[in-house]
> 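Take a look at the following structure, please.
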Amino acid sequence: MKKHDFNPESLMMTYGYKPELSEGAIKCPIFQTSTFVFKTAEEGKAFFELAYGIREKSPKEELGLIYSRINNPNLEILENRLSLWDKADGCAVFESGMSAISTVLLEFLSPGDLLVYSNPLYGGTNHFIHHFLDKIGVHTLGIMPNQDVNEVVQMIQDSGKANKLAMIYLETPANPTNHIVDIKKFSQIAKQFESEDRKPLLAVDNTYMGPLWQHPLQCGADIVLYSATKYIGGHSDLIAGAVLGNAELMTRVKTLRTFLGNMVSPHTAWLLLRSLETLKVRMDQQTKNAQRIADYLSTHPKIKQVYYLGLLKEGTEDYMVFKKQCSAPGAMISFDIRGGEKEAFLFLNNLKLLKLAVSLGGTESLAEHPKTMTHAGVDEEQRCQMNITDSLIRLSIGVESADDLIWDLEQALEKVSKI
Ligand SMILES: *Cc1c(COP(=O)(O)O)cnc(C)c1O
């Protein structure tokens with residue numbers, strides 16, 4: 001027989017778990033423990049030498065279990081399984097998406113450095129950049145949707161801080177407008193500003209598309225970040241985050257995590273292991289539903305425009321980027337309803353099956369009003385530039401029957417006419 005590599009979805013039930021270490025249990029138990037017993041003092045000494053980088057690991061040696069802030073079987077198995085989707089060397093899981101993001105920014109940026117980031121960004125990330133990184137003297141430069149790559153290079157040069165460029169941080173597709181950015185092109189920009197003593201990193205928040213539909217590391221990114229609260233958790237019952245990248249970068253991220261102590265708990269890691277078993281079937285169904293719903297919305301007379309990757313017109317630049325870096329259009333749809341806030345709110349208040357809530361990627365479908373909810377903190381002028389207006393509504397599509405979802409959208413849109 002020829003050698004065969006299993007697909008990640010086939011490995012989500014078993015990979016990295018050894019039943020013989022847990023009384024033969026088919027499922028990995030929750031290792032709800034703070035500390036681990038060493039067999040001998042010599043063993044404890046050896047583990048600490050590795051954990052603290054006092055000496056190099058010998059070829060066959062593995063870091064043993066020490067203390068749950070440093071390592072824990074639930075976290076390690078989860079990290080190994082998550083690494084499969086993005087084909088990453090390593091992964092670190094965090095107690096939230098924001099703690100994953102802020103830990104990466106803190107580890108790789110120092111006062112005086114330049115951070116270039118795409119707009120719009122997740123509100124929490126935007127806040128951290130403007131209210132924390134600014135305060136500690138990190139220079140920041142935001143780029144707008146549709147800004148030409150040459151223009152971005154010019155902006156970096158004009159900033160006078162080009163030799164201090166430490167990181168380019170992207171979110172694509174952007175929340176809530178589904179605007180996409182060419183990851184490969186930005187990895188080339190990062191390379192362009194490389195010097196002997198400095199290598200700018202490209203980090204991508206892949207929450208909207210990952211880990212199934214887009215693999216930034218394969219497009220030239222150095223670091224990929226997730227709010228695991230969204231698709232990875234997938235059931236709207238936990239908060240968690242993850243960072244993936246090469247071994248060298250992950251050692252740095254995990255070291256800072258050890259000292260910030262913002263790792264995920266064993267129980268949450270165990271819930272995420274359970275979620276990963278159905279990740280592909282959930283996400284496949286979600287994107288299938290979303291395409292049907294986007295098609296339906298795009299023909300509705302009360303809707304002005306639908307923003308969905310599955311509706312991009314062939315031949316456009318966005319379509320080419322989408323085809324190059326995504327394998328499916330995802331399950332996030334936004335659209336402009338005809339009218340303004342009043343019409344948008346009437347629609348939202350009349351939904352029966354879709355729930356009115358922020359967050360995304362879960363099994364249940366959600367609807368929200370970005371301007372007054374998730375993006376309420378964004379500067380009004382920027383919001384306009386990014387098309388986050390009174391009439392914009394964002395949907396996260398779940399695994400329900402698409403017929404039922406369309407019925408619900410239809411009846412809620414019908415109510416809008418009665419004003
Ligand atoms: C939700 C979200 C985050 C923040 O994640 P938390 O788990 O809520 O901390 C970051 N980025 C994106 C794109 C998100 O949707």
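Below, each value reflects all heavy atoms present in this structure, side chains not excepted, and no hydrogens, waters or symmetry copies. Counting starts at 1 for both ligands and their atoms, in listed order.
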> Might you confirm whether atom CZ of Phe6 has over 12 heavy atoms from other residues, nucleotides or ligands at distances under 6.0 Å?
no

> Is there a side chain to side chain contact (heavy atoms under 4.5 Å, CB included) between Lys280 and Met12 once you walk through the steps?
CA-CA 10 Å; Lys280 184 159 191 304; Met12 287 301 112; over 6 Å; no

> Please list, chain by chain and in numerical order, all residues satisfying side chain to side chain donor-acceptor pair (under 3.5 Å) with Asp403, sequence neighbours excluded.
Arg292

> So that I can tick it off, tell me whether Glu277 and Arg282 are bridged by a salt bridge, with the cut-off set at under 4.0 angstrom between side-chain N and carboxylate O.
no

> Under the ring-ring contact (aromatic ring centres under 6.0 Å, His included) test against Tyr231, which residue among Trp213, Tyr226, Tyr208 passes?
Trp213

> Passes salt bridge (charged side-chain N to carboxylate O under 4.0 Å, His left out), Lys199 versus Asp222? Steps please.
CA-CA 11 Å; Lys199 181 187 179 304; Asp222 301 293; 3.2 Å; yes

> Could you go through ligand 1 and list every pair where one of its N or O atoms sits under 3.5 Å from a protein N or O, giving the atom names and the distance to one decimal?
| residue | atom | partner | partner atom | Å |
| --- | --- | --- | --- | --- |
| ligand 1 | 5 (O) | Ser227 | OG | 3.0 |
| ligand 1 | 7 (O) | Gly97 | N | 2.9 |
| ligand 1 | 7 (O) | Ser227 | OG | 2.8 |
| ligand 1 | 7 (O) | Thr229 | OG1 | 2.6 |
| ligand 1 | 9 (O) | Gly97 | N | 3.1 |
| ligand 1 | 9 (O) | Met98 | N | 2.8 |
| ligand 1 | 11 (N) | Asp205 | OD2 | 2.7 |
| ligand 1 | 15 (O) | Lys230 | NZ | 2.7 |

